[in-house]
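Report on the structure given below.
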Amino acid sequence: MDWYSIVKFLHIVSAVLWVGGGFVLFLLGVLAERAGNIEDKLQAMRASGQLGGRFFAPMSMLTLVFGLIMCGFWVGFADLWIVIGLVGYATTFSIGMLVFKPTGERMGAMIAEQGVTPAVLAIGQRMMNWARLDYAVMLVIIADMVLKPTLHDIGILAGMVMVVALGAALAFGGGRQMVPNAA
């Protein structure tokens, strides 16, 4: 086994843990939202907040570091798919650091001080909306890493743009608001 294979394996494992773990929490939040279960939705958001800095950020950083090592030693940085991957990473990392982290901290403080209030639920809904966009971007990154498009792959590139546009529409197009069950 060569060094490239080892670094590639570590890159993929880090990415699977980062994206897969986050997707499970996102899915739990969506399922709770659809069921109208506020407590389960809040639990998924709390878990996201608790794991964000301790697990997801380190896994995302390891994914980046191993990817940069592969590019620096073996692949290079000139291919379009590398640029798309780095832009996608920067986008999802920024969403995590500028939206998820401070929003999760603010929600935690509000819940500790006031309990679950309509304001907390509204903040949680905004966080879920951003998560829809975040996972659209992650889906594009995964497709990008597998398909490795060039400028000649117009269909693939158009599909990637459509996925991000759909994620943005689902995130900010006036999605469902969480309301307590009447039961």
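Position 1 is the first residue of the sequence; numbering continues from there. The structure presented is a predicted model; accordingly, all values stated were derived computationally and were not measured.
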Next on the checklist: Evaluate Leu147 against Asp153 for side-chain contact (heavy atoms from CB on, under 4.5 Å), listing each step before the verdict.
Outcome noted: CA-CA 10 Å; Leu147 301 174; Asp153 296 313; over 6 Å; no
Closest approach of [X] to [Y] (non-hydrogen atoms, all atoms of both residues):
X	Y	value
Cys71	Ile82	SG-CD1, 3.5 Å
Lys41	Met128	CE-CG, 3.6 Å
Ala119	Met110	CB-CE, 3.8 Å
Gly167	Ala136	CA-CB, 3.6 Å
Asp144	Gly85	OD2-N, 3.2 Å
Gly96	Pro102	O-CD, 4.5 Å

Next on the checklist: Just checking Trp74: does its CH2 atom have more than 12 heavy atoms from other residues, nucleotides or ligands closer to it than 6.0 angstrom?
Outcome noted: yes
Measure the shortest side-chain to side-chain distance between [X] and [Y] over non-hydrogen atoms and say whether it is less than 4.5 angstrom.
X	Y	value
Leu80	Leu157	yes
Ile123	Arg106	yes
Phe56	Leu25	yes
Asp134	Phe26	no
Ser14	Leu17	no
Gln125	Asn129	yes

Would you say [Y] ends up clustered with [X] if hydrophobic residues are merged whenever their side chains have heavy atoms under 4.5 Å apart, either directly or through other cluster members?
X	Y	value
Val87	Met160	no
Val13	Val16	no
Met70	Met61	yes
Leu31	Ile38	yes
Val146	Ile154	no

Rounded to the nearest 0.5 Å, what separates atom [atom1] in [X] from atom [atom2] in [Y]?
X	Y	atom1	atom2	value
Met145	Ile84	CE	CD1	8.5 Å
Leu86	Trp81	CG	CH2	9.5 Å
Ile69	Ile6	CD1	CD1	12.0 Å
Leu42	Met107	CG	CE	5.5 Å
Phe66	Ile12	CZ	CD1	12.0 Å
Leu62	His11	CG	NE2	11.0 Å

Checklist entry - With Phe23, which residues qualify under ring pair (Phe, Tyr, Trp, His ring centres under 6.0 Å), at least two apart? => result Tyr135
Item to check | Chi angles and distances behind the side-chain contact (heavy atoms from CB on, under 4.5 Å) call for Asp40, Leu28 | outcome: CA-CA 8 Å; Asp40 284 353; Leu28 289 172; over 6 Å; no
Next on the checklist: Run the salt bridge (charged side-chain N to carboxylate O under 4.0 Å, His left out) test against Lys101 and tell me which residues pass, sequence neighbours left out.
Outcome noted: Glu105
Item to check | Whether Thr92 side chain and Gly88 backbone form a donor-acceptor pair below 3.5 Å | outcome: no
Checklist entry - Hey, is the main chain of Ser60 close enough, under 3.5 Å, to the side chain of Tyr89 for a donor-acceptor pair? => result yes
Next on the checklist: Does Thr117 form a side-chain contact (heavy atoms from CB on, under 4.5 Å) with Val120? I'd like the steps, not just the answer.
Outcome noted: CA-CA 5 Å; Thr117 64; Val120 168; 3.4 Å; yes
Next on the checklist: Walk me through whether Leu133 and Phe172 qualify under side-chain contact (heavy atoms from CB on, under 4.5 Å).
Outcome noted: CA-CA 9 Å; Leu133 175 60; Phe172 308 111; 3.8 Å; yes
